[in-house]
Amino acid sequence: MSGLIRLNGPLVRNLIQQSVRNARLISSSQKNRDAATIDVSKKAAAKPAEPATASAATNKNWVSYGFDQKSEKNDRNSMHATFLFSVTFCLVFGTFYWAYVPDLQLQDWSQREAYLELRRREAAGLEPISKDFVDPSQIVLPSDEELGNTEIVI
């Protein structure tokens, strides 16, 4: 704040004036003309409410979830059932199952075995992978004449 006071330039003054200009004042005085009044006559009070008007009064502000356009109860029940199955059963239990499903392709086992084999070979003073992994006498290679101009990529 002290830096703003030291600047005291036209930019700061313009910012302060704009913020004061954009401030909205709220009036808390009562406005009697906005108050709603209900005229209840003796005739209307003597009659019991009809079922159609009673249900219309309860459904006045009802917005459907899109499952049932006619019945609020069926709409809410369908919505709750749908979210129970989709969120609870699919997402929660599905994630739990996926996290704890056994390793069917044995990827964890093969990696663990590879680490054990590397540790064994290092302890024995051998190379991690032998140059003669396959016995050279079992490999049949073509001669240079058979290869001809074939490009050899290693």
Side-chain angles (χ1 to χ4, degrees), residues 1-124 126-134 138-139 150-154:
M1 189 66 181
S2 63
L4 290 176
I5 293 172
R6 281 188 219 139
L7 284 176
N8 200 12
L11 178 66
V12 175
R13 277 188 238 134
N14 285 341
L15 286 174
I16 292 172
Q17 287 175 358
Q18 284 181 355
S19 64
V20 170
R21 200 177 311 140
N22 291 337
R24 295 182 179 178
L25 303 175
I26 299 173
S27 173
S28 60
S29 65
Q30 288 186 349
K31 297 180 182 176
N32 292 334
R33 65 177 180 259
D34 289 345
T37 58
I38 300 174
D39 182 26
V40 179
S41 64
K42 293 179 182 179
K43 293 178 185 177
K47 289 185 190 177
E50 295 179 12
T53 57
S55 65
T58 58
N59 293 338
K60 179 180 177 185
N61 293 325
W62 171 54
V63 178
S64 173
Y65 289 105
F67 295 97
D68 190 353
Q69 300 294 329
K70 297 177 183 176
S71 172
E72 181 178 5
K73 183 179 177 183
N74 289 343
D75 187 48
R76 287 184 189 257
N77 288 341
S78 299
M79 183 267 303
H80 288 299
T82 301
F83 284 112
L84 173 77
F85 288 117
S86 63
V87 174
T88 305
F89 294 150
C90 295
L91 292 178
V92 175
F93 294 138
T95 304
F96 180 79
Y97 173 77
W98 179 71
Y100 291 102
V101 71
D103 184 18
L104 299 176
Q105 297 178 349
L106 301 177
Q107 291 176 350
D108 295 335
W109 175 84
S110 60
Q111 186 176 15
R112 193 169 46 248
E113 286 293 319
Y115 282 129
L116 290 173
E117 180 65 19
L118 280 173
R119 194 173 297 148
R120 184 190 66 78
R121 292 181 71 85
E122 287 173 357
L126 301 172
E127 297 176 4
I129 298 176
S130 174
K131 290 185 280 182
D132 296 328
F133 185 73
V134 177
Q138 294 179 348
I139 299 174
T150 306
E151 182 181 351
I152 299 173
V153 179
I154 298 176

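Values below: every heavy atom of this structure, side chains too, minus hydrogens, waters and symmetry copies.
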Fill in the blank from the handout: Between the CG atom in Leu118 and the CD atom in Glu113, the distance rounded to the nearest 0.5 Å is 11.5 Å

Handout entry: Approximate separation, where rounding is to 0.5 Å, of Phe89 CZ and Leu84 CG
Key = 4.5 Å

Handout entry: Whether Asp68 side chain and Asn74 backbone form a donor-acceptor pair below 3.5 Å
Key = no

Exercise for the section: Look only at the side chain of Arg121 and the backbone of Leu126, and say whether a donor-acceptor pair between them is shorter than 3.5 Å. Expected result: no

Problem - Within 6.0 Å of CD1 in Ile139, more than 12 heavy atoms from elsewhere - result: yes

Exercise for the section: Enumerate the residue pairs fulfilling salt bridge (charged side-chain N to carboxylate O under 4.0 Å, His left out) with a member in residues 75-100, sequence neighbours excluded, ordered by first and then second residue. Expected result: Glu72-Arg76

Exercise for the section: May I have all residue pairs that pass ring pair (Phe, Tyr, Trp, His ring centres under 6.0 Å) and include part of residues 97-117, sequence neighbours excluded? Expected result: Phe96-Tyr100

Problem - Side-chain touch Gln69/Ser64, heavy atoms, less than 4.5 angstrom - result: yes

Problem - Heavy-atom pair with the smallest gap, counting every atom of Ser78 and Phe67 - result: CB-CB, 3.6 Å

Practice task
State which residues pass salt bridge (charged side-chain N to carboxylate O under 4.0 Å, His left out) with Glu117; sequence neighbours excluded, sorted by chain then number.
Solution key: Arg120

